[in-house]
Amino acid sequence: MKVGFVGLGAMGHAMAERLLKGGHELVVTNRTRAKADDLVAQGAVFAETPADVARQVEVVFSMLFDDASTEEAVFGEHGIATALAPGAIHACSSTLSLEQARRLRDGHAEHGQVYVSANVLGRPPAAKAGELFVVTAGADEALKRLRPLLECFGSKIFEVGQDPVQANLAKLSLNFMIYSTIEQMAEVFALNEKAGTDPHKIFEIMTGSFYNAPVHKNYGKLMVDHKYDHPGAPVTLGLKDMEMFLKAGGEHAVPLPYASVVRDRLLSAISTGDAERDFVVLLERARQDSGLK
């Protein structure tokens with residue numbers, strides 16, 4: 001299949017490369033062209049704008065930082081929606097607000113185009129290995145057409161409904177669980193460290209007993225090893241997600257008190273200069289609160 005990809009950050013690049021290795025023709029674009037050089041060397045075609053990508057393909061993926069960058073890439077002067085053929089699919093993998101997800105759903109419908117949310121769970125190494133979890137929502141026929149593509153970078157695909165916005169809310173909800181689990185681990189590691197127990201030993205007990213899910217094993221290891229400086233996702237990304245999750249709670253009149261705790265912890269990390277470090281740096285805020293150096 002001829003596929004487009006807009007946005008070649010750490011996640012987008014890995015996903016695009018998996019599509020290329022899956023035997024699909026690939027057309028890509030990115031604001032920083034150099035990030036596409038190795039993909040072009042492997043056979044991808046570089047296009048100057050998202051519109052140039054969209055007019056050449058049956059399906060275009062986007063993986064961008066936030067609502068604003070997605071809005072520009074889709075509905076801007078040279079956006080995807082200006083050139084995507086009627087009936088062609090835009091599959092957005094960005095973590096977006098529910099408002100922006102509705103904007104994409106309705107805006108593409110006005111153009112006679114098909115929109116699907118194809119959110120992913122996992123860090124860039126998982127994307128590179130084709131081991132992401134994919135949470136999708138959209139029309140049945142569109143999801144059926146997309147599945148062979150999603151299987152290039154996803155080890156398991158979950159379909160949550162026919163309204164694309166359902167997948168966006170699911171992704172925000174699951175991200176909240178990641179961040180809140182990190183906060184729990186941060187408090188546990190800091191408390192035990194202050195009592196004289198090496199956090200690595202607590203990590204060994206956790207992951208060798210009941211707490212052996214990927215979020216504990218992967219993020220916990222980064223935390224106890226203090227690996228903050230090569231972020232799979234920075235603190236600023238976590239704050240964006242938590243603010244959108246809290247807003248979703250407001251839209252649906254659902255109190256989310258612990259989400260406010262996590263949001264404030266992320267703000268604290270930003271205020272101390274950790275904005276661009278990996279969000280597992282929340283451990284340092286718990287250590288700081290406990291008086292540890």
Side-chain angles (χ1 to χ4, degrees), residues 9-11 65-68 94-97 119-126 169 171-250 254-293:
M11 286 291 286
F65 182 75
D66 58 9
D67 285 9
S94 305
T95 303
L96 302 173
S97 70
N119 295 123
V120 295
L121 293 165
R123 294 171 71 88
L169 180 56
K171 176 64 190 303
L172 290 174
S173 301
L174 294 163
N175 277 8
F176 163 65
M177 293 185 71
I178 291 171
Y179 302 131
S180 57
T181 300
I182 287 170
E183 173 64 20
Q184 291 172 26
M185 288 192 290
E187 294 177 19
V188 166
F189 291 147
L191 175 61
N192 282 272
E193 182 182 355
K194 194 163 187 185
T197 305
D198 185 346
H200 288 85
K201 179 56 65 175
I202 301 303
F203 174 74
E204 179 187 348
I205 297 168
M206 281 170 41
T207 56
S209 59
F210 299 116
Y211 306 98
N212 59 359
V215 67
H216 296 100
K217 291 189 289 188
N218 298 338
Y219 291 106
K221 184 71 163 63
L222 292 172
M223 293 168 78
V224 296
D225 288 343
H226 296 182
K227 291 187 175 179
Y228 310 136
D229 293 320
H230 300 285
V235 171
T236 50
L237 186 68
L239 179 62
K240 171 187 75 81
D241 290 355
M242 282 301 90
E243 289 181 334
M244 292 191 298
F245 184 63
L246 283 162
K247 186 175 180 181
V254 177
L256 302 168
Y258 200 68
S260 296
V261 172
V262 176
R263 187 268 314 275
D264 289 349
R265 186 69 95 181
L266 291 160
L267 280 171
S268 176
I270 290 171
S271 72
T272 56
D274 289 332
E276 297 307 318
R277 303 179 90 185
D278 196 288
F279 53 64
V280 296
V281 79
L282 293 191
L283 172 59
E284 293 308 308
R285 305 288 68 75
R287 295 181 77 250
Q288 182 182 50
D289 288 352
S290 71
L292 290 165
K293 294 182 179 180

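Nothing fancy with the numbering, it's 1 onward along the sequence. Nothing here was measured: the structure is a model prediction, and the numbers come from that model.
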Met185 and Met206, any side-chain heavy atoms less than 4.5 Å apart: yes

CG-CG distance between Asn119 and Leu174, expressed to the nearest 0.5 angstrom: 9.5 Å

Whether Thr181 side chain and Met177 backbone form a donor-acceptor pair below 3.5 Å: yes

Non-neighbouring partners of Asp289 that pass side-chain hydrogen bond (donor to acceptor under 3.5 Å, both in side chains), sequence neighbours left out: Arg265

Qualifying residues under salt bridge (charged side-chain N to carboxylate O under 4.0 Å, His left out), relative to Lys247, sequence neighbours excluded: Glu99

Taking every non-hydrogen atom, the tightest pair across Leu266 and Leu239: CD1-N, 3.7 Å

Close side-chain approach of His216 to Phe203, heavy-atom, < 4.5 Å: no

Matching residue for Asp278 among Lys227, Arg123, Met223 - test: side-chain contact (heavy atoms from CB on, under 4.5 Å): Arg123

Qualifying residues under salt bridge (charged side-chain N to carboxylate O under 4.0 Å, His left out), relative to Asp241, sequence neighbours excluded: none

Under the side-chain hydrogen bond (donor to acceptor under 3.5 Å, both in side chains) test, residues paired with Lys221 that sit two or more places apart: Asp225

Set of side-chain hydrogen bond (donor to acceptor under 3.5 Å, both in side chains) partners for Tyr228, sequence neighbours left out: Glu284

Interatomic spacing from CG in Leu172 to CG in Leu96 - rounded to 0.5 Å: 8.5 Å

side-chain contact (heavy atoms from CB on, under 4.5 Å) partners of Val188, counting only residues at least two apart: Asn192, Ile202

Listed once per pair and sorted, the salt bridge (charged side-chain N to carboxylate O under 4.0 Å, His left out) pairs that draw on residues 187-196, sequence neighbours left out: Glu193-Arg287

From Leu282 atom CG to Phe189 atom CZ, the distance as rounded to the nearest 0.5 Å: 12.5 Å

Considering all heavy atoms, the nearest Ala190-Leu292 contact: O-CD1, 3.6 Å

Steps toward side chain to side chain contact (heavy atoms under 4.5 Å, CB included) verdict (Phe245, Lys171): CA-CA 9 Å; Phe245 184 63; Lys171 176 64 190 303; over 6 Å; no

Over 12 foreign heavy atoms within 6.0 Å of OH, Tyr211: no

Set of side-chain hydrogen bond (donor to acceptor under 3.5 Å, both in side chains) partners for Glu204, sequence neighbours left out: Lys201

Candidate pair Asp274 and Arg285, rule salt bridge (charged side-chain N to carboxylate O under 4.0 Å, His left out), full reasoning: CA-CA 10 Å; Asp274 289 332; Arg285 305 288 68 75; 2.7 Å; yes

I'd like a table of donor-acceptor pairs (distance under 3.5 Å, sequence neighbours excluded) in which one partner is a side-chain atom from residues 229-238, with atom names and distances.
from, atom 1, to, atom 2, distance (Å)
Asp229, OD1, Arg277, NE, 2.7
Asp229, OD1, Arg277, NH2, 3.2
Asp229, OD2, Arg277, NH2, 3.3

Between CD on residue Gln288 and OG on residue Ser268, distance to nearest 0.5 Å: 6.5 Å

Separation of Ser260 OG from Leu267 CG (nearest 0.5 Å): 10.5 Å

Non-hydrogen atoms of Lys240 and Thr95 that approach each other most closely: NZ-O, 2.8 Å

Selection residues 256-289 - residue pairs positive for ring-ring contact (aromatic ring centres under 6.0 Å, His included), sequence neighbours left out: Tyr179-Phe279, Tyr219-Phe279

Full working for side-chain hydrogen bond (donor to acceptor under 3.5 Å, both in side chains) between Thr207 and Asn212: CA-CA 4 Å; Thr207 56; Asn212 59 359; over 6 Å; no

Least distance between heavy atoms, Gly249 atom then Leu256 atom: CA-CD1, 3.6 Å

